[in-house]
Amino acid sequence: MVLDRDLRSAWPHEGCALLLGEPGRLHWVWPCLNVWQPVEPEPTELSRRNRFSIDPAELVTAQRWCRDRHWQLLGAAHSHPTGPVMPSAEDLHWGWPGALMLIRGYAPLAWGAWSLQGELGCLQPQALHLQLTGDGHLGK
């Protein structure tokens, strides 16, 4: 519910958050501000409505916070305000092997959970079925 609220608060832009924890166990959602800015000469149809970027300083801070708890960065969550929950080519470009990706789609309203598999440069999304564990954490 908290993640959904944080992602929706960015609408009509993509919302984003980092997913922190141990492999197979999500402990913390770190809400982030979408700081994406166009870089010339990118097409004008690109905007925060279909792209997100996390401030590198915020990413480093989250990773240090994880390290203090013996956790790691598991992946990212973000919203697709105008599209489905399938990871886009851009999402796959910025991912890494084994990364967890949660996508909140609004057209139609749905959640998608993915594990990115393969080699850098040719990642493929593998659908995940997530469930709440007895202690309220997400498990794969």
Summary of ring-ring contact (aromatic ring centres under 6.0 Å, His included) pairs that have at least one residue in residues 53-73, sequence neighbours excluded: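 The answer is His27-Trp71, Trp28-Trp65, Trp30-Trp65, Trp65-Trp71.
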Within the 4.5 Å heavy-atom criterion, are [X] and [Y] side-chain neighbours or not?
X: Leu116; Y: Asp91; value: no
X: Leu33; Y: Asp55; value: no
X: His13; Y: Phe52; value: no
X: Glu14; Y: His80; value: yes
X: Leu59; Y: Gln63; value: yes
X: His93; Y: Ser88; value: no
X: Leu20; Y: Leu73; value: yes

Please output the side-chain donor-acceptor pairs of residues 117-125 that fall under 3.5 Å, not counting sequence neighbours, one pair per line with the distance.
from   : atom 1 : to     : atom 2 : distance (Å)
Gln117 : NE2    : Ser115 : OG     : 2.5

Is it possible for you to say whether Trp94 and Met101 belong to one hydrophobic cluster, with membership spreading through side-chain heavy-atom contacts below 4.5 Å?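 In one cluster with Trp94: Met101, no.
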Residues in side-chain contact (heavy atoms from CB on, under 4.5 Å) contact with Ala10, at least two apart in sequence or another chain: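 With neighbours one apart ignored, the set is empty.
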The criterion is side-chain contact (heavy atoms from CB on, under 4.5 Å); which residues satisfy it with Ser9, sequence neighbours excluded?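 Here no residue qualifies.
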May I ask you to decide if Leu3's main-chain N or O and Asp6's side chain share a donor-acceptor pair within less than 3.5 Å?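 Judged by distance alone, no pair lies under 3.5 Å.
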Exercise answer: donor-acceptor pairs, residues 104-113 side-chain atoms, under 3.5 Å, sequence neighbours excluded:
from   : atom 1 : to     : atom 2 : distance (Å)
Arg104 : NE     : Asp4   : OD1    : 2.7
Arg104 : NH1    : Ala110 : O      : 3.3
Arg104 : NH2    : Asp4   : OD1    : 3.4

Exercise: identify the closest heavy-atom pair between Ser53 and Cys16: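 The pair with the smallest heavy-atom distance is O-SG, 4.4 Å.
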Heavy-atom closest contact (Ala17 atom, Pro31 atom, distance):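 Looking at all heavy atoms of both residues, the closest pair is CB-CA, 3.9 Å.
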State which residue, out of Thr61, Ile54, Leu74, Val29, fulfils the side chain to side chain contact (heavy atoms under 4.5 Å, CB included) condition with Leu18.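 For Leu18, the side chain to side chain contact (heavy atoms under 4.5 Å, CB included) test succeeds with only one of Thr61, Ile54, Leu74, Val29, which is Ile54.
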Within residues 108-117 or reaching into it, pairs that qualify as salt bridge (Lys or Arg N to Asp or Glu O under 4.0 Å) - sequence neighbours excluded: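 Sorted result for residues 108-117: empty, none.
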Quick one: which residue pairs count as a salt bridge (Lys or Arg N to Asp or Glu O under 4.0 Å) with a foot in residues 69-83, not counting sequence neighbours?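 Listed once each, the pairs would be none.
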My understanding is that a hydrophobic cluster links ILVMFWY residues whose side chain heavy atoms are under 4.5 Å apart, including indirect links. Using that, what else belongs to the cluster containing Val60?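 Its cluster partners, ordered by chain and number, are none at all.
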